[in-house]
**Q** 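Dumping the structure here so I can ask a few things about it.
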Amino acid sequence: MNRQMRREAARAKRMEMKPRRNWAKINRPMLHEVEQVFAPIDRFLRQLITGFVYCTKAGAPVFSDMEGDLYEATPAVRGFVSAFERITAHYQLEIDLTPVLKLCNKLDAGMPVNEAHVDLCRSLIDQCRTAYRNMDVYQVKSLVNTELIDLEFKRLKPEQAIRAGARADEAHI
């Protein structure tokens with residue numbers, strides 16, 4: 001190795017990014033990360049209690065995420081519930097989120113929602129928040145990505161999902 005190659009290697013070594021967290025231990029979420037995950041659903045449930053909820057022209061309730069983008073509330077909440085059910089199954093936690101799904105069903109059907117049911121959902125979301133604070137951020141991210149892939153496969157038509165799965169198998173060979 002000549003002098004120029006040694007200098008380039010030393011320069012590249014200095015410029016390597018250090019991981020922001022330690023991989024050898026459990027990396028718990030920071031407070032702002034917990035807020036980013038749970039603030040949109042908290043805000044939506046608070047709006048339900050006050051009775052002032054933004055809706056689409058078709059009457060579907062919407063909420064904004066942390067960036068200010070608007071999403072239909074019930075599909076987003078159902079996605080949150082399915083992802084958190086996968087997480088609770090992995091960590092073997094006993095959090096039953098079916099009341100949140102029942103709330104979504106009521107909203108989809110246009111039925112009135114009472115304050116007690118919303119309070120129950122808020123307490124369940126608080127249980128999820130407490131559990132999330134003790135989890136490994138990187139493991140949770142992996143589980144959420146797996147759930148997103150699963151939801152995308154369910155959304156595809158069956159023959160498209162089979163073709164996508166076959167392409168994925170071919171890529172691993």
**Q** If hydrophobic clusters are built by linking Ile, Leu, Val, Met, Phe, Trp and Tyr wherever their side-chain heavy atoms come under 4.5 Å apart, do Leu148 and Val81 end up in the same one?
**A** yes
**Q** Looking at every heavy atom in both Pro29 and Glu33, which two are closest together, and how far apart are they?
**A** CA-OE1, 3.3 Å
**Q** Is there a path of hydrophobic side-chain contacts, each under 4.5 Å between heavy atoms of I/L/V/M/F/W/Y residues, joining Ile95 to Ile125?
**A** yes
**Q** Run the ring pair (Phe, Tyr, Trp, His ring centres under 6.0 Å) test against Tyr132 and tell me which residues pass, sequence neighbours left out.
**A**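 Tyr132 satisfies ring pair (Phe, Tyr, Trp, His ring centres under 6.0 Å) with Phe38 once adjacent residues are dropped.
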**Q** Rounded to the nearest 0.5 Å, how far apart are CG of Asp65 and CD1 of Ile41?
**A** 13.0 Å
**Q** Can you tell if the side chain of Leu107 reaches within under 4.5 Å of the side chain of Val53, non-hydrogen atoms only?
**A** no
**Q** For Arg43, give me all partners under side-chain hydrogen bond (donor to acceptor under 3.5 Å, both in side chains), at least two apart in sequence or on another chain.
**A** Ser64
**Q** Any side-chain heavy atom of Asp119 within less than 4.5 Å of one from Ile49?
**A** yes
**Q** Is any side-chain heavy atom of Leu103 less than 4.5 Å from a side-chain heavy atom of Leu48?
**A** yes
**Q** To check you understand the geometry: which heavy-atom pair defines the closest contact between Leu93 and Ala131, and what is its length?
**A** CD1-CB, 3.7 Å
**Q** Any donor and acceptor pair, going by atom type alone, linking the side chain of His117 with main-chain N or O of Pro99 inside 3.5 Å?
**A** yes
**Q** Rounded at 0.5 Å granularity, tell me how far NZ in Lys106 sits from OG1 in Thr74.
**A** 14.5 Å
**Q** With heavy-atom distances below 4.5 Å as the criterion, would you say the side chains of Tyr91 and Asp136 are in contact?
**A** yes
**Q** If we only count heavy atoms from C-beta on, is the Phe44 to Gln47 side-chain gap below 4.5 Å?
**A** yes
**Q** To the closest 0.5 Å, what do you measure between CD (Gln127) and OG1 (Thr88)?
**A** 11.0 Å
**Q** Is Val140 linked to Val34 within one hydrophobic cluster, defined over Ile, Leu, Val, Met, Phe, Trp and Tyr using a side-chain heavy-atom separation of less than 4.5 Å?
**A** yes
**Q** For the atom pair CE (Met111) and NZ (Lys102), what is the distance rounded to the nearest 0.5 Å?
**A**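 Met111 atom CE to Lys102 atom NZ measures 11.5 Å (nearest 0.5 Å).
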**Q** Out of curiosity, Lys141 NZ to Asn27 CG, how far, rounded to the nearest 0.5 Å?
**A**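 CG of Asn27 is found 15.0 Å from NZ of Lys141.
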**Q** Counting C-beta onward and ignoring hydrogens, is there a side-chain heavy-atom pair between Met135 and Arg28 closer than 4.5 Å?
**A**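 With C-beta onward as the side chain, the pair stays apart.
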**Q** For residues Met66 and Phe80: do they belong to one hydrophobic cluster (side chain heavy atoms under 4.5 Å, members Ile, Leu, Val, Met, Phe, Trp, Tyr)?
**A**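 No; Phe80 is not reachable from Met66 via cluster members.
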**Q** Taking the side chain as everything from C-beta on, heavy atoms only, tell me whether Leu101 gets closer than 4.5 Å to Leu97.
**A** no
**Q** Using distance alone, with no hydrogens and no angle criterion, decide if Asn105 and Arg78 have a side-chain donor and acceptor under 3.5 Å apart.
**A** yes
**Q** Please name the pair of heavy atoms, one in Glu72 and one in Ala60, separated by the smallest distance, quoted to 0.1 Å.
**A**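 Reported closest heavy-atom pair: OE1-CB, 3.7 Å.
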**Q** Only counting residues at least two apart or in another chain, list the ones meeting side-chain hydrogen bond (donor to acceptor under 3.5 Å, both in side chains) with Thr98.
**A** Asp96
**Q** Are Val144 and Val37 linked, directly or through intermediate hydrophobic residues, by side-chain heavy-atom contacts shorter than 4.5 Å (ILVMFWY only)?
**A** yes
**Q** What closest approach, in Å, do Cys55 and Val62 show between heavy atoms, and which atom pair accounts for it?
**A**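 Scanning both residues completely, I find the closest heavy atoms to be N-CG2, 4.1 Å.
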**Q** Can you find a heavy atom in the side chain of Glu85 that is under 4.5 Å from one in the side chain of Glu147?
**A** no
**Q** Does the plane of the ring in Tyr54 sit parallel, tilted or perpendicular to the ring in Phe52? Use 30° and 60° as the thresholds.
**A**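 Tyr54 and Phe52: perpendicular rings.
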**Q** Is a salt bridge present between Asp150 and Arg155, judged by a nitrogen-to-oxygen distance below 4.0 Å?
**A**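 No salt bridge links Asp150 with Arg155.
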**Q** So how far is it from Asp126 CG to Cys121 SG, rounded to the nearest 0.5 Å?
**A** 11.5 Å
**Q** Closest heavy-atom contact between Pro40 and Phe63?
**A** CB-CE1, 3.5 Å
**Q** Where the side chain of Ser142 meets the backbone of Tyr138, is there a donor-acceptor pair that is under 3.5 Å apart?
**A** no
